[in-house]
Amino acid sequence: MKKSHIVFAGMLSVFILGRLIVACTAFASAPETLAVLCFNINADSDLDYLKKGISTMLYSRLTCPEKVAVVPLKTMASLEAGLQGLSDSELIREAARRTGARYVLYGTITSLAGAFSIDAKVVDITEKQYMVFFEQSKSSDDLIKKIDRIAAAINYKVFNRTTVTWEQMEQEKQKKLNEIKNQNPENLMPVQPGWQNEEKVGWKVWKYLF
């Protein structure tokens with residue numbers, strides 16, 4: 001009788017341990033949640049049509065079932081419709097609270113003389129910090145490519161995901177560095193701001209979020 005009790009206790013222990021392992025594994029692999037707000041468009045002409053396209057592209061590029069769950073576009077559209085008039089900080093805070101997202105992405109696209117400046121920020125609500133991403137486009141035809149580059153940088157620097165676009169960017173950067181090294185010293189120019197210096201840009205404290 002005692003032997004059967006011991007066997008039963010052992011089996012129960014194995015069962016409980018197995019359930020705990022499964023639960024811990026499921027918890028460890030739970031993806032982070034990201035809310036993507038519509039980008040603000042500053043331009044003389046009406047470029048609001050870009051908002052939906054950019055949101056759709058970022059949703060597609062940043063979604064990763066194992067690592068990143070991006071809040072559905074319809075959910076974000078409905079949420080933002082009811083939060084008009086809020087400041088950036090208020091909008092970020094409410095978007096995170098209502099969606100349960102740890103990360104919130106928002107940005108601004110400024111058009112001037114046919115060129116575009118793209119500024120984006122990813123805010124980590126839990127750690128109260130943010131990371132900045134920047135690109136420039138010479139024309140609207142090149143805008144999608146630049147958004148793709150920003151998405152690749154976010155994937156790598158925020159979520160530790162390497163993509164084909166990021167690998168291409170790294171190859172481009174290395175090629176430029178090699179070209180500079182092969183030039184004569186008197187022809188060397190200071191490195192211009194942009195992706196060459198992005199490795200030095202990391203998380204910054206978000207002082208005014210709360």
Side-chain angles (χ1 to χ4, degrees), residues 10-39 51-83 86-107 118-135 147-170 198-210:
M11 292 177 64
L12 183 61
S13 298
V14 172
F15 175 78
I16 293 174
L17 180 60
R19 293 298 296 271
L20 287 174
I21 292 174
V22 171
C24 290
T25 302
F27 178 78
S29 61
E32 297 287 0
T33 305
L34 169 68
V36 179
L37 295 168
C38 282
F39 276 40
K51 288 187 176 182
K52 185 176 181 180
I54 290 171
S55 294
T56 300
M57 184 175 184
L58 289 172
Y59 178 87
S60 173
R61 296 295 190 277
L62 297 173
T63 295
C64 178
E66 299 81 12
K67 288 190 175 183
V68 186
V70 182
V71 179
L73 298 175
K74 289 184 178 180
T75 300
M76 291 304 301
S78 176
L79 185 151
E80 291 190 69
L83 296 177
L86 297 183
S87 65
D88 286 344
S89 295
E90 292 171 332
L91 184 58
I92 291 167
R93 183 172 59 248
E94 282 301 302
R97 184 180 69 83
R98 298 192 186 193
T99 62
R102 173 178 174 175
Y103 298 95
V104 179
L105 166 61
Y106 77 105
I118 309 168
D119 298 274
K121 285 185 180 179
V122 174
V123 178
D124 182 340
I125 302 297
T126 301
E127 299 296 333
K128 297 182 182 179
Q129 59 188 7
Y130 69 95
M131 194 179 295
V132 179
F133 302 87
F134 173 78
E135 275 285 354
I147 293 294
D148 186 40
R149 290 170 68 92
I150 284 182
I154 292 172
N155 272 320
Y156 183 80
K157 296 182 180 182
V158 178
F159 301 114
N160 195 29
R161 290 180 57 212
T162 300
T163 60
V164 173
T165 299
W166 177 258
E167 291 177 347
Q168 291 174 345
M169 290 164 60
E170 288 293 282
E198 281 293 317
E199 292 297 331
K200 299 179 181 179
V201 179
W203 290 108
K204 299 180 181 179
V205 176
W206 184 257
K207 297 180 181 179
Y208 310 107
L209 185 56
F210 300 100

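Bear in mind the structure is a predicted one, so any value in this text is a computation, not a measurement. Values below: every heavy atom of this structure, side chains too, minus hydrogens, waters and symmetry copies. Positions are given from 1, in the same order as the sequence printed here.
Side-chain contact, Thr163 with Asn155: no donor N or O sits under 3.5 Å from an acceptor N or O.
Closest approach of Val70 to Thr63, counting heavy atoms only: CG2-OG1, 3.4 Å. Val122 approaches Trp203 most closely through the heavy-atom pair O-CZ3, 3.5 Å. A pairwise comparison of heavy atoms in Leu37 and Ala95 identifies CD2-CB, 4.0 Å as the closest pair. The two residues Cys38 and Ser55 have their closest heavy-atom pair at SG-OG, 3.8 Å. When every heavy atom of Lys67 is checked against every heavy atom of Asn160, the shortest pair comes out as NZ-O, 3.4 Å. Lys51 and Phe39 make their closest contact through CE-O, 3.3 Å (heavy atoms, listed as atom of the first residue, atom of the second, distance).
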Would Arg98 and Leu83 count as a side-chain contact (heavy atoms from CB on, under 4.5 Å) here? Give the steps.
CA-CA 11 Å; Arg98 298 192 186 193; Leu83 296 177; 3.5 Å; yes
List the steps and the verdict of side-chain contact (heavy atoms from CB on, under 4.5 Å) for Met169 and Tyr156.
CA-CA 11 Å; Met169 290 164 60; Tyr156 183 80; over 6 Å; no
Is there a side-chain contact (heavy atoms from CB on, under 4.5 Å) between Val36 and Tyr59 once you walk through the steps?
CA-CA 7 Å; Val36 179; Tyr59 178 87; 5.9 Å; no
Evaluate side-chain contact (heavy atoms from CB on, under 4.5 Å) for Asp119 paired with Val132, printing each intermediate quantity in order.
CA-CA 7 Å; Asp119 298 274; Val132 179; 5.7 Å; no
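A heavy-atom distance below 4.5 Å is found between the side chains of Ile92 and Ile125. Looking at Gln168 and Arg149, their side chains never come closer than 4.5 Å, going by heavy atoms from C-beta outward.
A perpendicular orientation is assigned to the rings of Tyr103 and Phe159, their planes being inclined by more than 60° (bins at 30° and 60°).
With a 6.0 Å cutoff to the six-membered ring centre and a 45° limit on the axis angle, Lys121 counts as a cation-pi contact of Tyr130.
Thr56 places a side-chain N or O within donor-acceptor distance of the main-chain N or O of Lys52, the cut-off being under 3.5 Å.
Taking CZ from Arg161 and CG from Leu62, the interatomic distance works out to 7.5 Å, rounded to the nearest 0.5 Å. Here the CD-NZ distance, from Gln129 to Lys204, works out to 12.0 Å after rounding to the nearest 0.5 Å. For the atom pair CG of Leu91 and OH of Tyr106, the computed distance is 9.5 Å after rounding to the nearest 0.5 Å.
Just one residue in the list Thr165, Leu105, Ile118 forms a side chain to side chain contact (heavy atoms under 4.5 Å, CB included) with Ile150, and that residue is Ile118.
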